[in-house]
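Notes to accompany the following structure.
Not measured: the values here are computed from a predicted model. Any value given below was found using the heavy atoms of this structure, including those in side chains, with hydrogens, waters and symmetry copies removed.
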Amino acid sequence: MVYGYIRVSTDKQDCENQKIGIEAKAASLGLRIERYIQDAGISGTTEPERRALGGCLRRLRTGDVIICSELSRLGRRLFMIMRVLEHCMQCGARLYTVKDNYELGDNIQSKVLAFAFGLSAEIERDLISLRTREGLARRRAMGQSLGRVVGSRNRTHKLDGRVAHVQDMLARGVSMRGIARQLRVSPPTVARLIARF
């Protein structure tokens, strides 16, 4: 079985770019993706067992293949990534990444590369978290309020210019989730707009 694995941290991120890269990688290996596993809106810090990825890992058999965009899609912590790779090796499964051009093999080079990529993903996550905390602390020190003021309401809506389009799709029977997908917003965003009709 050849699996394509996609993970995006937020609903706003587009899965299509990952999918295009995975399809191209599979074609270059002479393979065809038989099943996609997708974790949408799920952080890479969430343990694999609590994601769709965990179900895929439990089903892995010798000769199976997983293709994903990059190793950081498997997890944002080094040891989490290493556990996933070790599980694949024990099952006799292969793993390929698109951006890192990584190939899991039972050799020292493969293990060193996995360690390096995993460590860089963890360092990147920690730096982003640190920069966010520093930015918030700086704004607090300057006396700026953080977040929405209690009792305030947005006067505008991000889909204000698309009201007629949304109404037309609703009239044609398109679901709220389908509208959200087409407009590249979350379903709650569409629901808030509809509530204003």
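A single hydrophobic cluster is not seen to contain both Ile67 and Ile37; linkage of ILVMFWY side chains at heavy-atom distances under 4.5 Å, directly or through other members, places them apart. With hydrophobic clusters built from ILVMFWY side chains whose heavy atoms lie under 4.5 angstrom apart, Ile6 shares a cluster with Val2. Residues Val98 and Ile66 do not share a hydrophobic cluster, clusters being chains of Ile/Leu/Val/Met/Phe/Trp/Tyr side chains in contact below 4.5 Å. Neither Leu104 nor Val65 shares a network with the other; the hydrophobic side chains, linked directly or stepwise wherever heavy atoms of I, L, V, M, F, W or Y lie under 4.5 Å apart, form separate groups for each. Put simply, Val166 and Met176 are part of the same group of oily side chains (I, L, V, M, F, W, Y) that touch within less than 4.5 Å, one to the next.
For the atom pair CD1 (Ile33) and CD1 (Ile22), the distance works out to 6.5 Å, reported to the nearest 0.5 Å. To the nearest 0.5 angstrom, Glu23 atom CD is 11.5 Å from Ser28 atom OG. Rounding to the nearest 0.5 Å gives a distance of 13.0 Å between CD of Gln38 and SG of Cys56. In this structure, Leu183 CG and His165 NE2 are separated by 5.0 Å, a value rounded to the nearest 0.5 Å.
Annotation for Arg51 and Thr46: closest pair NE-O, 2.8 Å, computed over non-hydrogen atoms. Nearest approach of Pro187 to Ala180, heavy atoms of both residues: N-CB, 3.6 Å. Closest heavy-atom contact between Met1 and Arg35: SD-CB, 4.3 Å. Heavy-atom minimum distance, Ser69 versus Arg73: CB-CG, 3.9 Å. Taking all atoms of both residues into account, the shortest heavy-atom contact from Leu74 to Tyr5 is CD2-CD2, 4.1 Å. The nearest pair of heavy atoms linking Thr97 to Leu71 is CG2-N, 3.8 Å.
Remark: Arg172 engages Asp168 in a side-chain hydrogen bond (donor to acceptor under 3.5 Å, both in side chains) (not counting sequence neighbours). Applying the side-chain hydrogen bond (donor to acceptor under 3.5 Å, both in side chains) rule to Tyr3 yields no partners; only residues at least two apart in sequence or on another chain are considered. Taking Arg162 as the reference, nothing meets the side-chain hydrogen bond (donor to acceptor under 3.5 Å, both in side chains) condition, with sequence neighbours excluded. With sequence neighbours excluded, the residues that form a side chain to side chain contact (heavy atoms under 4.5 Å, CB included) with Glu16 are Asp14, Lys19. In this structure, the side-chain hydrogen bond (donor to acceptor under 3.5 Å, both in side chains) partners of Arg133, at least two apart in sequence or on a different chain, are Ser129.
Within 6.0 Å of the CZ atom in Arg177, the count of heavy atoms belonging to other residues, nucleotides or ligands does not exceed 12.
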Just list the side-chain donor-acceptor pairs under 3.5 Å for residues 78-94, sequence neighbours left out, or say none.
from  : atom 1 : to    : atom 2 : distance (Å)
Arg83 : NH2    : Glu47 : OE1    : 2.4
His87 : NE2    : Leu57 : O      : 2.8
Arg94 : NH1    : Tyr96 : OH     : 3.1

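Side-chain atoms of Gln18 come within 3.5 Å of backbone atoms of Arg7 as a donor-acceptor pair (strictly under, hydrogens ignored). The main-chain N or O of Ala52 is found under 3.5 Å from a side-chain atom of Asp39 such that the two form a donor-acceptor pair.
With Ile179 as the fixed residue, the side chain to side chain contact (heavy atoms under 4.5 Å, CB included) test singles out one of Val185, Val190, Thr189: Val190.
Taking 4.5 Å as the limit, every side-chain heavy atom of Glu103 sits out of range of all side-chain heavy atoms of Leu29.
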